Student: 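Sending over a structure as structure tokens; questions will come in a sec.
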2 protein chains.
Amino acid sequence: MQLTRQSEYAIRTMLELAALPYGELLSSKVISQRQDIPEDFLKKTVHLLSLGGLVSTQRGTQGGVRLAKAAEQITLAHIVAAIEGPIAINPCLAPGYFCPNQVTCPVSPILARAQAALLAELNKQTLADLVKQA
Amino acid sequence: MQLTRQSEYAIRTMLELAALPYGELLSSKVISQRQDIPEDFLKKTVHLLSLGGLVSTQRGTQGGVRLAKAAEQITLAHIVAAIEGPIAINPCLAPGYFCPNQVTCPVSPILARAQAALLAELNKQTLADLVKQA
DNA sequence: GTTAAAGTTGATATTTTTTATCCACATTAA
DNA sequence: TTAATGTGGATAAAAAATATCAACTTTAAC
Ligand code: FES
Ligand code: FES
């Protein structure tokens, strides 16, 4: 019932990027040093963020990572989903999975509501809001 | 970000018990057969529920497990907490842990709110409500 | 009293997931 | 041309979750 450490790495990375002037690049190496995250592991994390469309990357000398869209359009839920996949507090609630018991299962509606509430909160504030507060 | 299978076992067990006339015993063995849960693993799960004050147990022949309080006073949140400990979607939010960054950390308030929303939903309906629906 | 049914407890094994490391490669700006 | 950087895949190490085993205690039933 916890976020993985990798999600936390991703959040911290996104906060670093969002604090920069929009469009500016920061290398994984620098991020890993500033945030004390294992460099090679962070690289993969950044790659996941990239696949999720949250950051774009630039190879080569002076390359790095930058936000792929405005910080106003990014929320914690987006970041977590990019790393861990769609948030599902129970396998039965994962998209694409149809549980055979679902019709009679009295638990699943409650979990569904709980999950929706969780998600709603994670979407309430944008990355931009977070940076302002810090 | 998921409930463990053990929590699911616990929920299914509690539903079995709540379906019984109040105070009636059911042995771990029978529950494990009905719900297709490894018996020895279920025994430990039941023990956790017992430590959490949700069920009481009776040793010896004809012994078993029964609800320790009315199904109206038990929610999913209680069950999960008995198995996994206090629900914390992030280590920083675990009771007793004081994160040194908490003062400046912009993420923690959001996670705290998300966690509260999750918990509220998990507490909204009682075990008794669930049994009625099934 | 004996016995068999049950919960208790702790050790250990297995499996799965998460985290970390390593390295060969592709791209690109300087 | 070269050094900095992301890409991608393999592998290892660590941690957590799940499962199994076995010796023990309690207790109702006979
Ligand atoms: S068991 Fe799958 S929905 Fe409840
Ligand atoms: S890092 Fe602990 S509260 Fe944010």
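Note that the structure is predicted; figures quoted are calculated from it, not measured. Below, read A as the first sequence line, B as the second, and so on, with proteins coming before strands; counting in each chain starts at 1. Note that these values count all heavy atoms, side chains included, but never hydrogens, waters or copies made by symmetry.
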Student: Go along nucleotides 4-11 of chain D 5' to 3' and tag each nucleotide: B for a protein heavy atom under 4.0 Å from its base, S when only backbone or sugar atoms are that close, - otherwise.
Tutor: BBSBSBB-
Student: Would you say B:S108's side chain and B:C105's backbone share a donor-acceptor pair under 3.5 angstrom?
Tutor: no
Student: Quickly work out the A:Q6 CD to D:dA15 C1' distance and round it to whole Å.
Tutor: 15 Å
Student: Atom CD of B:E8 and atom C1' of D:dT18: how far apart are they, to the nearest Å?
Tutor: 13 Å
Student: Has the side chain of B:S7 got a donor or acceptor atom that lies under 3.5 Å from a matching backbone atom of B:L3?
Tutor: no
Student: Measure CZ/B:F41 against P/C:dA11 and give the value in whole Å, please.
Tutor: 18 Å
Student: In the structure I gave you, are the side-chain heavy atoms of B:V55 and B:L17 within less than 4.5 Å of one another anywhere?
Tutor: yes
Student: Within the distance-only criterion (no hydrogens, no angle test), does the side chain of A:D129 pair as donor or acceptor with the backbone N or O of A:T126 below 3.5 angstrom?
Tutor: yes
Student: Between atom CD1 in B:I83 and atom P in D:dA16, what is the gap in whole Å?
Tutor: 18 Å
Student: Could you tell me whether the phosphate oxygens of D:dA17, OP1 or OP2, come under 4.0 Å of any side-chain nitrogen or oxygen in B:Y9?
Tutor: no
Student: For DNA chain C, which residues of residues 87-100 of chain B approach it to below 4.0 angstrom with any heavy atom?
Tutor: none
Student: Rounded to the nearest Å, what distance is computed from the CD atom of residue B:E84 to the P atom of nucleotide D:dA17?
Tutor: 8 Å
Student: Of all residues at least two apart in sequence or in a different chain, which pass the side-chain contact (heavy atoms from CB on, under 4.5 Å) check with B:Q6?
Tutor: B:T4, B:F41, B:T45, B:L48, B:I83
Student: Please give, in whole Å, the distance from D:dA17 C1' to A:M1 CE?
Tutor: 16 Å
Student: Determine whether B:L130 and B:L76 make a side-chain contact, defined as any pair of heavy atoms from C-beta on separated by less than 4.5 Å.
Tutor: yes
Student: What is the distance, rounded to the nearest whole Å, between atom CG of B:L48 and atom P of C:dT9?
Tutor: 11 Å
Student: Show every salt bridge (charged side-chain N to carboxylate O under 4.0 Å, His left out) that has at least one partner inside residues 30-41 of chain A, sequence neighbours left out.
Tutor: A:E16-A:R34, A:D40-A:K43
Student: According to the salt bridge (charged side-chain N to carboxylate O under 4.0 Å, His left out) rule, which pairs have a member within residues 59-73 of chain A, sequence neighbours left out?
Tutor: none
Student: Any salt bridge (charged side-chain N to carboxylate O under 4.0 Å, His left out) pairs touching residues 119-128 of chain B, not counting sequence neighbours?
Tutor: B:E121-B:K124
Student: Quickly work out the A:Q35 CD to C:dT19 C1' distance and round it to whole Å.
Tutor: 18 Å
